[in-house]
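Below is one structure, written out as structure tokens, with a few remarks after it.
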There are 2 protein chains.
Amino acid sequence: MPHLAFPNSNCDGFRCATHCAVRPLAICGELEQAEHEEFERLAQHVRYGAKEALFSEDEVADAVYSLVEGIARLYKLLPDGRRQIIGFALPGDFLGMAPSARYSFSADAIGGVTVCKFFRGPFLRFIENKPHMLMRMNEFATRELSLAQDQMLLLGRRSAEEKVAAFLVGWRDRLARLEGVTKTVSLPMGRQDIADFLGLTIETVSRTFTKLEREKLIVIVPDGVRVLDPKRFDALAAA
Amino acid sequence: MPHLAFPNSNCDGFRCATHCAVRPLAICGELEQAEHEEFERLAQHVRYGAKEALFSEDEVADAVYSLVEGIARLYKLLPDGRRQIIGFALPGDFLGMAPSARYSFSADAIGGVTVCKFFRGPFLRFIENKPHMLMRMNEFATRELSLAQDQMLLLGRRSAEEKVAAFLVGWRDRLARLEGVTKTVSLPMGRQDIADFLGLTIETVSRTFTKLEREKLIVIVPDGVRVLDPKRFDALAAA
DNA sequence: GAATGGCCTTGATCTGTGTCAAGCCGCCTT
DNA sequence: AAGGCGGCTTGACACAGATCAAGGCCATTC
């Protein structure tokens, strides 16, 4: 059961600085002072524990979410339990827009997650006469769509080794936007999650990590990998 | 080389009725009279012949397109030539928005295609202070994204037979929005296109069609299939 | 510090789909 | 009507990755 971190979401300056470190990257990043205060009054800051669900596919989509902190797993299931992870959400990402009245996928926390939660009605009323906000939402949707298309190419046409390499490169680059460039790529998600993201089995993912390590492209470290040969590695990921 | 069907795009009533039959479904479907006339003045109606490119990945994205008539193939290529078709565009679909200054995929005509083409600058200036239009673009993007996510599930987690069945059901339902419900599903794209859409080879697609026919689920007809047992067929596509 | 359980790795074997190759069918050209 | 060509189908075989099974490692608990 999620609890409200700030039931009175009209948080003071200190807390805002803490919890909205990603604001420039988020959907609300270009709101000016007055608008942002109005927007904040619509928000509930909610914290979810590890593996807790933010929302599930086919539920009535009564809220949208701006991820503030932590990482979420977005996925779809087939009736027999096969799972496809359609993305990992990072701080600044915007979740929960659906083309119908119900969510088209499920989202749950990997480790702890903090979000700004907005009920649909008030949210839509807020944006409906704010062209700048609508443009920003369009940018977000277009970027998401483009990532999804990259992933289709990966799922449909790349080998297991290419999938893993492309995943690591893509993940490293997304983390770099948040944390700056590093040699060590942290992987908060488990091997099964990676497998379900890449359309592979956990065994194939594990073997492929080992293979990349044998080929001296990476070193496997606790909860991550270190990229040894970025040049050769990026080439493998691109091809 | 495409030629302008209406170099003076300010077309008269008759031509509009002919060429904008899909307007209620298109991006401009909710513009009121005066706005729509302004919008039309920004448009070039352009016709492309079979296999002609509307635009290509990595080109400067200087225009967006509303597909009026015909079908387009949207795809990405790997450096070695492997191709993933990320979608088939139908009349009413909106193409060409990109998260960067360049197109993130290629689009070309299957058979003949007619579009409304808008240069990026005038288009953005037109929409920037029209919340209704921006909302509609959001709806379009959200629907596209949801389709892309369905496709990820298909590519990552379905068997060849499930892929083909799900493709036929999805395609039939999209055509039904335009042409009404029919038993016969027309397939204007070739087997290689279907293969590249489903992450399969042409041989596997061909064998799977034959298998579905042997199992009395479909009959293969010229340029399409007839679905014999919709109940059983939809079940196969869902599972 | 022994037992438990979750997560990951590794090995052996199987199989669905890819690859390679041949042939068919309908259509266009001459 | 003969030839050629593009698109499709079919068969034989190969292989990447799945499946099945076992074992290792580490953190947590009692």
Side-chain angles (χ1 to χ4, degrees), chain A residues 49-51 73 78 80-85 108 110-111 154-168 185-215 218-225 236 239, chain B residues 49-51 71 73 78 80-85 110-111 154-168 185-215 218-225 236 239:
Chain A
K51 299 186 187 172
R73 184 198 284 135
L78 288 172
D80 65 1
R82 281 173 287 175
R83 182 178 70 156
Q84 179 66 38
I85 291 188
D108 51 43
I110 300 180
L154 178 148
L155 289 168
R157 288 298 180 225
R158 294 174 116 108
S159 70
E161 189 175 18
E162 291 165 347
K163 283 178 176 181
V164 170
F167 164 66
L168 289 174
V185 183
S186 82
L187 296 172
M189 71 292 285
R191 295 286 189 270
Q192 185 63 61
D193 288 339
I194 297 173
D196 286 347
F197 186 53
L198 300 180
L200 299 170
T201 60
I202 187 174
E203 293 94 333
T204 297
V205 170
S206 182
R207 277 188 250 272
T208 305
F209 270 88
T210 306
K211 182 167 175 231
L212 292 174
E213 191 171 43
R214 269 202 316 272
E215 292 168 351
I218 61 170
V219 183
I220 299 170
V221 299
D223 299 315
V225 298
L236 179 59
Chain B
K51 299 185 188 173
I71 294 170
R73 183 199 286 135
L78 287 172
D80 65 1
R82 282 174 286 175
R83 183 178 69 156
Q84 179 66 39
I85 292 188
I110 301 181
L154 178 148
L155 289 168
R157 288 300 183 222
R158 293 175 117 107
S159 70
E161 189 176 19
E162 290 166 348
K163 283 178 175 180
V164 170
F167 163 67
L168 290 173
V185 183
S186 83
L187 297 172
M189 70 292 286
R191 294 287 189 269
Q192 186 64 60
D193 288 338
I194 297 174
D196 287 346
F197 185 53
L198 301 179
L200 298 171
T201 59
I202 188 174
E203 293 94 333
T204 298
V205 170
S206 182
R207 278 188 250 273
T208 306
F209 270 89
T210 307
K211 183 167 174 232
L212 292 173
E213 191 171 44
R214 268 203 315 273
E215 292 168 350
I218 62 170
V219 183
I220 300 170
V221 300
D223 299 314
V225 299
L236 178 60

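Computation of the quantities below employed the complete heavy-atom set of this structure, encompassing side-chain atoms and omitting hydrogens, waters and symmetry-equivalent molecules.
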Considering all heavy atoms of both residues, which atom of Ile85(B) and which atom of Arg73(B) are nearest to each other, and what is their separation?
CD1-CG, 3.6 Å

Round to a whole Å and report the spacing from CD of Glu162(A) to C1' of dA16(D).
12 Å

Rounding to a whole Å, what distance do you find between Leu198(A):CG and dA16(D):P?
18 Å

With heavy atoms of chain A within less than 4.0 Å as the criterion, where does contact along DNA chain C begin and end?
dC7(C) to dA12(C)

Here the distance between atom C1' of dA16(D) and atom NZ of Lys211(A), to the nearest Å, is 10 Å

Start with the C-alpha gap between Phe167(B) and Leu187(B), add the side-chain angles, then the distance that decides, and say whether side chain to side chain contact (heavy atoms under 4.5 Å, CB included) holds.
CA-CA 11 Å; Phe167(B) 163 67; Leu187(B) 297 172; 4.1 Å; yes

Can you build the contact string for nucleotides 17-22 of chain D? Use B for base contact, S for sugar-phosphate-only contact, and - for no protein heavy atom under 4.0 Å.
SSBB--

In this structure, how many angstroms lie between the P atom of dT9(D) and the CD atom of Glu213(B), rounded?
9 Å

Not counting sequence neighbours, which residues clear side-chain hydrogen bond (donor to acceptor under 3.5 Å, both in side chains) with Thr204(A)? List them please.
Thr201(A)

To the nearest 0.5 Å, tell me how far Arg207(B) CZ sits from Thr210(B) OG1.
9.0 Å

Do Leu155(B) and Gln84(B) have side chains that get closer than 4.5 Å, going by heavy atoms?
yes

Looking at residues at least two apart in the chain, or sitting in another chain, which of them share a side-chain hydrogen bond (donor to acceptor under 3.5 Å, both in side chains) with Arg83(A)?
Asp193(A), Asp196(A)

Which residues pass the side chain to side chain contact (heavy atoms under 4.5 Å, CB included) test with Glu215(B), sequence neighbours left out?
Glu161(B), Lys211(B), Leu212(B), Leu217(B)

Could you check how far CD1 of Ile110(B) sits from C1' of dG7(D), rounded to whole Å?
14 Å

Contact class for Ser206(B) (heavy atom, under 4.0 Å): base, sugar-phosphate, or nothing?
base

Tell me the bend of the helix from dG1(C)-dC30(D) to dT30(C)-dA1(D) as the angle between end helix axes, each from five pairs, rounded to the nearest 10 degrees.
30°

